[in-house]
**Student:** 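Below is one structure. I have some questions about it.
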Amino acid sequence: MTENTPRSGDYEPQQPPYGAWSGYPAPYPAPPAQAPQEPVTTPSGVTVWPGSGDGSGRRRRRPSKSALLIAAVAVVSALVGGGTAALVTDASQKSDSSTTTTVVNATSSKVGGVSAVATAVSPSIVEISANSNSGQSTGSGVIITSGGEIITNNHVIAGADTIKVTFSDGSKKSATVVGTDKNKDLALIKVEGASGLKAATLGDSSGVRVGDQVVAIGSPEGLTGTVTSGIVSALDRDVTVSTDESQGQGQGQGPGGGSGEWPFEFGGRYNGDVGSSTTTYKAIQTDASLNPGNSGGALINMRGQIIGINSAMYSSAAQQSSSSAGSIGLGFSIPVDTVKADLDNLRSGGSDSGGGTSNS
């Protein structure tokens, strides 16, 4: 062996990369047929590496804690959002199939009790003083127009020569008769030179029910603006009253007047002598206190609407024979629907026929 012979281990012949020499195994893996795939970062911040099955030998990097937190929040948000959408959808579906409940304003059904009704309606109620050769009678009336039209009972003004109206503020004006209807015991008078008066609201008596709370306002015994209250005791009571004009000057008369009562009959009971000429109408019965002078005044519901014109009150035989006649809780009112149906007739002068049963 010469000196030129290399020693074993002095150097190793370098092998060409990638198996360039034939017959030698390649010490490195063959290059991939395609470029390596790049890592992908998701919207939540997590980096996803391609799998190692392609021979790249790279391992996936574990996402950081912050990325996991962001991903968890995203998932929860999606769940909450989905739940909210489900709730909204469910609510909308239920809304489509549910029945809408109308909320009724409390003030449309009740204005706040007797005191509130009295405050609201009293300016529309007047006292009527009718004078004739036979004496003076006192009744009540209801203003129905701002120009001074007033509804009252025929028997309050029958036979009167002069009529005076006293308003709730104490002022007084003269009035004239526009029209009368004996068969319904109704009359329409008009205040002279009136304007801007507070007119009452006429309600609907067909909707009145037994047990409904009511308020009565009138001028019993000349006590202007007296307020009483009670309930509707009955409906469609047949009340028979006199159509004789001479009987008209009887209610609430002053000294030298008559008996202080208006004669009428109901259910076989007589409250004085109605005479031979009568008429019968259907009335609302109430236990609200009515006394001589309340005739022509208002029966009012708790919405402040007029449902009747008070026309008669019953007193016992013992009271009729004494000077202490007063209410015993049996009062009667002409339904306001009857009044409204008769207004055109009264405005044209009225009639003594039509609307009641006249007996002679």
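For clarity, every value in this text was computed on a predicted model and none was experimentally measured.
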**Student:** State, with a plain yes or no, whether a side-chain heavy atom of P292 is found less than 4.5 Å away from one of M313.
**Tutor:** yes
**Student:** For the residue pair D204 and D337, establish whether any side-chain heavy-atom pair is separated by less than 4.5 Å.
**Tutor:** yes
**Student:** What closest approach, in Å, do E192 and K173 show between heavy atoms, and which atom pair accounts for it?
**Tutor:**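 Closest approach of E192 to K173: O-CD, 3.9 Å.
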**Student:** Give the intermediate values and the outcome of side-chain contact (heavy atoms from CB on, under 4.5 Å) for residues L346 and I151.
**Tutor:** CA-CA 10 Å; L346 293 173; I151 282 287; 3.8 Å; yes
**Student:** Following the transitive rule for hydrophobic clusters with a side-chain heavy-atom cut-off under 4.5 Å over Ile, Leu, Val, Met, Phe, Trp and Tyr, establish whether V117 and L202 coincide in one cluster.
**Tutor:** yes
**Student:** If you look at every heavy atom in H155 and S311, which pair is closest and at what distance?
**Tutor:**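 Looks like CE1-O, 3.3 Å.
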**Student:** Is it the case that the side chain of S171 and the backbone of F167 share a donor-acceptor pair, with hydrogens and angles ignored and the cut-off at 3.5 Å?
**Tutor:**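 A pair under 3.5 Å: no.
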**Student:** Quick check against the 3.5 Å criterion: does S140 have a side-chain atom that pairs as donor or acceptor with the backbone of G293?
**Tutor:** yes
**Student:** Scan side-chain atoms only and decide if T166 and E127 contain a donor-acceptor pair under the 3.5 Å cut-off.
**Tutor:** no
**Student:** Which heavy atom of A298 sits nearest a heavy atom of N310, and at what distance?
**Tutor:** O-ND2, 3.1 Å
**Student:** Within the 4.5 Å heavy-atom criterion, are V210 and L235 side-chain neighbours or not?
**Tutor:**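 Yes, their side chains come closer than 4.5 Å.
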**Student:** Report yes if some heavy atom in the side chain of I217 is under 4.5 Å from a heavy atom in the side chain of V227; otherwise report no.
**Tutor:**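 Yes, at least one pair of side-chain atoms sits under 4.5 Å.
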**Student:** Considering the options N345, I157, L188, I189, which one meets the side chain to side chain contact (heavy atoms under 4.5 Å, CB included) requirement together with T180?
**Tutor:**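 Going through the options one by one, the only one that passes is I157.
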**Student:** With respect to V339, which candidate in I307, V142, D181, I309 satisfies the side chain to side chain contact (heavy atoms under 4.5 Å, CB included) definition?
**Tutor:** I309
**Student:** Flag the pair N153 / I334 as yes when at least one side-chain heavy-atom distance between them is below 4.5 Å, and no otherwise.
**Tutor:** yes
**Student:** Tell me whether D169 at atom CG has more than 12 heavy atoms from other residues, nucleotides or ligands lying less than 6.0 Å away.
**Tutor:**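 Counting other residues, nucleotides and ligands, CG of D169 exceeds 12 neighbours.
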**Student:** Show the numbers, then the answer: is there a side-chain contact (heavy atoms from CB on, under 4.5 Å) between E221 and T226?
**Tutor:** CA-CA 10 Å; E221 303 296 349; T226 297; over 6 Å; no
**Student:** Within the 4.5 Å heavy-atom criterion, are I143 and I150 side-chain neighbours or not?
**Tutor:**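 The answer is yes, as the side chains (C-beta and beyond) meet within the 4.5 Å cut-off.
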**Student:** Please check: side-chain N/O of T228 versus main-chain N/O of S289, any donor-acceptor pairing under 3.5 Å?
**Tutor:** yes
**Student:** Are N131 and D161 close enough, and set up right, to give a side-chain contact (heavy atoms from CB on, under 4.5 Å), and what steps lead you there?
**Tutor:** CA-CA 6 Å; N131 294 280; D161 299 321; 5.8 Å; no
**Student:** Should I284 and Y281 be counted in the same cluster of Ile, Leu, Val, Met, Phe, Trp and Tyr side chains packed under 4.5 Å apart?
**Tutor:**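 No; Y281 is not reachable from I284 via cluster members.
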**Student:** Write down the atom of D236, the atom of K282, and the distance for their closest heavy-atom approach.
**Tutor:** O-CD, 3.8 Å
**Student:** Work out which heavy atom in L186 is nearest to a heavy atom in T338; give both atom names and the distance.
**Tutor:**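 Distance-wise, the nearest heavy atoms are CD1-O, 4.4 Å.
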**Student:** Does V208 belong to the same Ile/Leu/Val/Met/Phe/Trp/Tyr cluster as V239, with side-chain heavy atoms less than 4.5 Å apart forming each link?
**Tutor:** no
**Student:** First locate atom OG of S233, then atom CZ of F332, and finally report the distance between them rounded to the nearest 0.5 Å.
**Tutor:** 9.0 Å
**Student:** Kindly say whether N183 contributes a backbone atom to a donor-acceptor pair with the side chain of T279 at under 3.5 angstrom?
**Tutor:** yes
**Student:** Any chain of hydrophobic side-chain contacts (each under 4.5 Å) joining L299 to I306?
**Tutor:** no
**Student:** Would you say K198's side chain and A120's backbone share a donor-acceptor pair under 3.5 angstrom?
**Tutor:**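 Yes, the answer is positive, given that a donor and an acceptor are paired below the 3.5 Å cut-off.
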**Student:** Mind listing the closest non-hydrogen atom pair of G139 and V156 along with its distance?
**Tutor:**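 So the minimum-distance heavy-atom pair works out to CA-CG1, 3.8 Å.
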**Student:** Can you measure from OG1 (T286) to CD (Q213) and round to the nearest 0.5 angstrom?
**Tutor:**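 One finds 10.0 Å between OG1 of T286 and CD of Q213.
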**Student:** In Å and rounded to the nearest 0.5 Å, what is the CG to OG distance from N294 to S219?
**Tutor:**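 Between N294 CG and S219 OG, I get 7.5 Å after rounding to 0.5 Å.
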**Student:** Does one hydrophobic cluster hold both I144 and V336, with members joined at side-chain heavy-atom distances below 4.5 Å?
**Tutor:** yes
**Student:** Determine yes or no for a side-chain-to-main-chain donor-acceptor pair under 3.5 angstrom, with D287 supplying the side chain and I231 the backbone.
**Tutor:**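 Answer holds: yes.
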**Student:** Is there a donor-acceptor contact under 3.5 Å linking the side chains of K164 and S174?
**Tutor:** yes
